[in-house]
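Below, all heavy atoms of this structure are taken into account, side chains as well, without hydrogens, waters or symmetry copies. Order of appearance sets the numbers: ligands from 1, and atoms from 1 within every ligand.
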Amino acid sequence: MTHDRDYLIDGLSALVGVAHVLVEDAAMAPYLTDWRKRFTGHALCVVRPRTTDEVSAVMRFAAEHHLAIVPQGGNTGLVGGSVPLGLGHEIVISLTRMAHIRTIDVESDSLIVEAGATLLTVQEAAQNVDRLFPLSLASEGTATIGGTIATNAGGTAALAYGTMRDLVRGVEVVLPDGRVLDLLTTLRKDNTGYDLKSLFIGSEGTLGIVTAASLKLFPLPRSRATVFCGVASPQAALNLLQVMKAQAGAALTTFELMPRLAIDLAIKHLPSIRDPLANKHAWYVMTELSSLEPEGAYALAMRLMEGALESGGVTDAVIAQSLAQADSFWALREGLPEAQTKEGASIKHDISVPIVDIPLFIDRVTQELKVLVPGIRPFVFGHMGDGNLHFNLQSPEDMDPREFMARASDIHALVYRHVIEMKGSISAEHGIGQLKRSELAVTKDPLALDVMRQIKQILDPEGRMNPGKVL
Ligand code: FAD
Ligand code: ZN
């Protein structure tokens, strides 16, 4: 650092206004600890710019004074990417004051929005013009567009609409030296060289700051049907998925798997949750169909479930009869992380494998884990339609939580060994951040890592963008 703290804070205050440079411990605290409260760092200050020009000025100042930058949106990330490490010269740049929708162009199904707007704001803005913005996450009321781009968020509608990468037409990015890279196109087609926007999608704040995005809009479905089914096994769920994909096509928007333990713990810990089906089943699928026809989704769900019950593909099924019942199914699904927390110690993985291998993966890995830690309770759920499982493990009922957590590295090693063998991913959804940095280093192809480092070197030669994250 070339100057003292007061000089730097005064300089930043001159750029964004003194009220928007937070320096007091109490004011900074919410920005310095991650959502799960596993990572806390220190920062010189938290800067809250209002415009792209202000972000650019702050970045120029940071470059001049060799300050490191931690971009932050809603701070809902699950891998510690949005909080500083505490290296002594980091500033957090929070984008939440940049929350305006710049334009909506219904004819070209495009919306341009500032990076700090929440995902919910964008969903609502789209709905107001009779369109859908399909990305959907339990954290959508707080997670921002910039954060969902920087983490290439997935969620529960990725099966039909893809991840954030599939929903972005263009981005505006402030580079580490303060230059503004304007890639904010609404064009559907543009083959004029490298796809630069894609570099920033999933880059977790390590290459630049996303300040705005051009997003794709879709027709707003006129009906939805939410279905809860009991199935005998993950293989039965996979068979059901194949049948539903073939018969419903793009109408199949959600396909989530969960085990009986998930239902039991949700009922035990979450007051509003009821058992969705009369009898208990080993596994469950929660699926949703959407249609542009007013009664279309329900009719399709009825037809599919009658077929599945008849063939024995599902053992029981209920189609939500009201919005309230559909909401209760979603509350169960989205409450699973909370139910896990309330039950006690758990060890989590966010993995993907080829969809066809999911039953074998679950079977093989849970068997080996039960040998490694007798009594371990697999709580494996998630976006089966995307091949993405939250492969979570609840501590044995009678084991001291510290003793269980001490086994974490053995458990991770076992799970990741099988993931790599099956050509899967150790982080399907939540990214790398600080949490999985060392695991990335040993599981990613060395040449791929080398190319990533070279790209980082070109855009951020001093390594000031989100240091200690990803690479
Ligand atoms: P932050 O947490 O603030 O930041 C995340 C990363 O992006 C950090 O590395 C940060 O430096 C970087 N970043 C943030 N803003 C910018 C920017 N403008 N420019 C450059 N870099 C930036 N994720 C899923 O994918 N699918 C899910 O289903 C899902 N469900 C969740 C449910 C809950 C209850 C919670 C708490 C989280 C969930 N997440 C999920 C994780 C998280 O919500 C997403 O990763 C989300 O995209 C993060 O957005 P954010 O604005 O909070 O980003
Ligand atoms: Zn998820």
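- Protein residues with a heavy atom closer than 4.0 Å to ligand 1 are Trp35, Pro71, Gln72, Gly73, Gly74, Asn75, Thr76, Gly77, Leu78, Gly81, Ser82, Leu95, Ala115, Leu137, Ala138, Ser139, Ala143, Thr144, Gly146, Gly147, Thr148, Ala150, Thr151, Ala153, Gly154, Gly155, Glu204, Gly205, Gly208, Ile209, Val210, Glu429, His430, Asn466, listed by chain and number.
- Salt-bridge annotation for Glu256 and Arg333: present, with a side-chain N of the basic residue lying under 4.0 Å from a carboxylate O of the acidic one.
- Taking each heavy atom of Lys436 and Ser427 in turn, the nearest pair found is NZ-OG, 3.9 Å.
- Under the side-chain hydrogen bond (donor to acceptor under 3.5 Å, both in side chains) test applied with His390, the options Lys348, Glu429, Gln340 reduce to a single match, Glu429.
- Atom-to-atom distance recorded for Asp386:CG and Ile355:CD1 is 6.5 Å, nearest 0.5 angstrom.
- A salt bridge links Glu114 with Arg50: at least one charged nitrogen is closer than 4.0 Å to a carboxylate oxygen.
- The environment of Lys444 atom NZ is sparse: at most 12 non-hydrogen atoms of other residues, nucleotides or ligands sit within 6.0 angstrom.
- Within the 2.8 Å limit, His383 places at least one N, O or S atom next to the Zn ion (ligand 2).
- Note on Glu429: its N/O/S atom closest to the Zn ion (ligand 2) is OE1.
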Table please: side-chain donor-acceptor pairs of residues 172-183 below 3.5 Å, with sequence neighbours left out.
unit_1 : atom_1 : unit_2 : atom_2 : d
Glu172 : OE1    : Thr52  : OG1    : 2.7
Glu172 : OE1    : Arg102 : NH2    : 3.2
Glu172 : OE1    : Thr211 : OG1    : 2.7
Glu172 : OE2    : Arg102 : NH1    : 3.3
Asp177 : OD1    : Arg179 : N      : 3.0
Asp177 : OD1    : Arg179 : NE     : 3.4
Asp177 : OD2    : Arg179 : NE     : 2.8
Asp177 : OD2    : Arg179 : NH2    : 3.0
Asp182 : OD1    : Leu184 : N      : 3.0

